[in-house]
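Heads up: the structure comes next, in structure tokens.
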Amino acid sequence: MMKQIFYSILLLAAFSTKAVAQDASIFPKGEISNTDNHTGTVWLTELNKPDSVFNFSLAQATFAPGAKLDWHIHPAGQYLLITEGTGYYQEKGKAGQIIRKGDVITCLPGVAHWHGAAPNSSFTYVAATPTTKGKTIWLQRVTDEEYKSVK
Ligand code: MN
């Protein structure tokens, strides 16, 4: 009996440790974004300071389930390194795709696209964005139809 209780407690401890480990992201979650270029809750952390050597911005973004950016364009492109969860990515004129932890997404210069969390998962990536050709150009909101069409 005691042995059974002991193993139950051990099992419970193992599960709670796993849950904590899954919640712990590598970088701090950062501040909630109050910009008007997304729907749902998005946290942002800048990972580097602008400088004259690298001309690259590194930032982590975390999305609550269902949160997503509006359509937008990076004049010099962008890499997305997915570090947690499941999300959606869509380029103009193409079907949306499901993207997951471990995926590396290439957004080519000038291509309109959006990215965000799947409805039932939080979602985190590190974005590497060249700063050489100016800022992100924000376009229209992602419609419910567009969001729901991703599968
Ligand atoms: Mn983008």
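Index from 1, following the sequence.
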With Asn48 via side-chain hydrogen bond (donor to acceptor under 3.5 Å, both in side chains) - residues at least two apart: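 Asn48: no side-chain hydrogen bond (donor to acceptor under 3.5 Å, both in side chains) contacts found.
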
Connected-component partners of Ile32 among ILVMFWY, side-chain separation under 4.5 Å: Trp43

Note, Cys107 side chain near Tyr89 side chain (heavy atom, < 4.5 Å): yes

Check: Ser33 and His38 side chains under 4.5 Å, non-hydrogen atoms: yes

Selection residues 47-57 - residue pairs positive for salt bridge (Lys or Arg N to Asp or Glu O under 4.0 Å), sequence neighbours left out: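 Output for this query is empty, none listed.
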
Pairs where residues 116-142 contributes a residue and the test salt bridge (Lys or Arg N to Asp or Glu O under 4.0 Å) is met, not counting sequence neighbours: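 Applying salt bridge (Lys or Arg N to Asp or Glu O under 4.0 Å) to every pair that reaches into residues 116-142, excluding sequence neighbours, yields Asp36-Arg141, Asp70-Arg141.
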
Separation between CH2 of Trp71 and CD of Glu91, rounded to the nearest 0.5 Å: 8.5 Å

Could you pull out every donor-acceptor pair under 3.5 Å between side chains of residues 97-105 and any protein atom, sequence neighbours left out?
| unit_1 | atom_1 | unit_2 | atom_2 | d |
| --- | --- | --- | --- | --- |
| Asp103 | OD2 | Arg100 | N | 2.7 |

Within 6.0 Å of OH in Tyr79, more than 12 heavy atoms from elsewhere: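 No, OH of Tyr79 has 12 or fewer neighbouring heavy atoms, counting only those of other groups under 6.0 Å.
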
side-chain hydrogen bond (donor to acceptor under 3.5 Å, both in side chains): pairs with one or both residues in residues 53-62, sequence neighbours excluded: Thr62-Thr124

Connected via hydrophobic side-chain network under 4.5 Å: Ile82 and Leu69: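 Linked, Ile82 and Leu69 end up in one cluster.
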
Side chain Glu145, main chain Ser149, donor-acceptor under 3.5 Å: no

